[in-house]
Amino acid sequence: MEKSIAILKGDGIGPEIVTQAIKVLDAIADRFGHNFIYQEALMGGVAIDKTGVPLPQETIDVCKEADAILLGAIGDPKFDNDPDATVRPEQGLLQIRKALELFTNVRPVKLYPALENLSPLKKERLVGVDLVIYRELTGGIYFGEKTKTLDSASDLCYYHKDEIERIARLAFDEATRRQYKLCLVDKANVLESSRLWRKVVQEMSAHYPEVEVSYLFVDNAAMQLILKPSQFDVILTSNMFGDILSDAASVLGGSIGLLPSASFGQSHKLYEPVHGSYPQAKGKNIANPMATILSAAMMLRDFGMEEEAKAVEDAIENCINLGITTEDLNNDAANSCTEVGLALCNLIGGQSLHSTIRNL
Ligand code: IPM
Ligand code: MG
């Protein structure tokens, strides 16, 4: 099969982790006889530096033409400490989500038994944890009207019923492929927009009688994610709450460096790790490429390449079991980002585990 993939390496560790993901995709292409054609484009701080804007039109065009988009990370601290900066790397990410109408962001949380000692939670609380967050991605407070005067500022949290319905439907459908449980996380005791979410989800639940629906306020949900994460199956929530809860959920497995995500709308799909650009690690070859590589696995699955996706996921699990991991997972005997990428390619290429370790 031939597939075109737009590559947005972005900022910080983005280029390093995406390079490893491309190596892994090439190993998959070799083993399964596919042809992946990559086209790189600029987004984020690197785009600002080169073109003055965080999302050049050319990047949008490249992304629109591709079968899928693979993104590293966006963000550069040189912009964070200037509240008056009018161009920011993150605008690129928000603009691409909007331009391609990527209204659903799927963030699965899977735990690896070999890493349970890295979780800040006690072992017994991790039993049975397997959840996925459906985060709305093109609405809410991120995109509502913004105002600013010298000494006041506001961000509007606006949702239209249709924006809630389209992601809620996908989340309900996902629940029917999983454990038939859906939890809407909102702040309906305070926010009008949350009450609209609740109303829409309540109405929709009538069409999904087999799905058990629960409702949690976001403050309680944050607590429940830490107290008893195994109670969750599909979590459905708005843009901002999903952003916060997915970082919280990422620590359950021991490192945010393991969490992939997929964003999609009607016509386009973008895959990116949940973590950020980790500028402190930039260029040091220490970043964990696994979240990006698992995002690439989600991409393969969406291409209809189930066996290929599974081969990547199995290789990741093997690497973790073998202790071939970056320092976030293994401080004492850490491997580099490139070594992890190489080990994954070797495993995918069918080399024995012994030679994989020996060759590092
Ligand atoms: C994420 C990130 C982004 C977001 C930032 C970089 C704009 O935190 O994808 O979770 O807030 O959506
Ligand atoms: Mg985030």
Side-chain angles (χ1 to χ4, degrees), residues 8-15 17-18 42-48 53-55 59 63 69-83 85-109 131-144 146 155 157 159 163 167 185 218 221-222 225 235-253 255-265 268-282 287-288 291-292 294-295 298-299:
L8 309 176
K9 291 185 173 170
D11 305 320
I13 57 169
I17 54 181
V18 173
L42 294 172
M43 187 170 93
V46 63
I48 297 176
V53 293
L55 181 67
T59 299
C63 290
I69 306 150
L70 185 64
L71 164 67
I74 294 298
D76 185 325
K78 76 179 175 201
F79 298 92
D80 292 343
N81 296 327
D82 177 8
T86 49
V87 276
R88 298 176 174 281
E90 290 77 7
Q91 290 164 340
L93 185 54
L94 300 183
Q95 286 166 9
I96 193 97
R97 288 173 179 169
K98 200 70 173 177
L100 304 183
E101 283 185 85
L102 307 171
F103 60 83
T104 297
N105 180 224
V106 180
R107 299 187 159 183
V109 178
L131 62 94
V132 59
I133 298 176
Y134 268 61
R135 169 191 177 193
E136 202 287 327
L137 205 59
T138 50
I141 195 165
Y142 272 50
F143 290 95
K146 295 181 187 299
D155 301 273
C157 184
Y159 270 110
E163 293 177 287
I167 182 171
V185 173
V218 62
L225 260 178
I235 293 177
L236 168 64
T237 192
S238 60
N239 201 342
M240 170 97 124
F241 296 157
D243 179 46
I244 297 167
L245 291 180
S246 53
D247 267 34
S250 77
V251 301
L252 298 173
S255 170
I256 195 171
L258 289 171
L259 240 66
S261 88
S263 305
F264 51 88
H268 304 284
K269 295 193 166 178
L270 180 149
Y271 301 84
E272 58 168 319
V274 168
H275 63 71
S277 61
Y278 192 12
Q280 304 83 342
K282 179 181 174 174
N288 187 349
T292 313
L294 288 166
S295 304
M298 292 177 87
M299 177 173 78

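All ligand and atom numbering here is 1-based and tracks the order in the structure.
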Query raised in the report: Do Val274 and Ile256 have side-chain heavy atoms sitting under 4.5 Å apart?
Result: yes
Query raised in the report: Any side-chain heavy-atom pair from Asp243 and Arg135 closer than 4.5 angstrom?
Result: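 When only atoms from C-beta onward are counted, Arg135 and Asp243 do touch, with a gap below 4.5 Å.
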Query raised in the report: Hey, mind stepping through Val218 and Ile244 against side-chain contact (heavy atoms from CB on, under 4.5 Å) and telling me if it holds?
Result: CA-CA 10 Å; Val218 62; Ile244 297 167; over 6 Å; no
Examine distances only and state if a side-chain atom of [X] and a backbone atom of [Y] form a donor-acceptor pair shorter than 3.5 Å.
{"X": "Gln91", "Y": "Thr86", "result": "yes"}
{"X": "Asp11", "Y": "Ala73", "result": "no"}
{"X": "Ser277", "Y": "Gly12", "result": "no"}

**Report entry** Result of checking Glu101, Arg97, Lys98 against Leu137 for side-chain contact (heavy atoms from CB on, under 4.5 Å)
**Finding:**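 Running side-chain contact (heavy atoms from CB on, under 4.5 Å) over Glu101, Arg97, Lys98 with Leu137 returns exactly one hit, Arg97.
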Report summary line: The protein residues that pass the under-4.0 Å heavy-atom test against ligand 1 are Glu90, Leu93, Arg97, Arg107, Arg135, Tyr142, Asp243
**Report entry** Residue-atom pairs from the protein, N, O or S only, that lie under 2.8 Å from the Mg ion (ligand 2)
**Finding:**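 Only Asp243 OD1 fall inside 2.8 Å of the Mg ion (ligand 2).
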Query - Test side-chain contact (heavy atoms from CB on, under 4.5 Å) applied to Ile235 and Phe241, step by step - result: CA-CA 11 Å; Ile235 293 177; Phe241 296 157; over 6 Å; no
**Report entry** Steps toward side-chain contact (heavy atoms from CB on, under 4.5 Å) verdict (Gln95, Val53)
**Finding:** CA-CA 11 Å; Gln95 286 166 9; Val53 293; over 6 Å; no
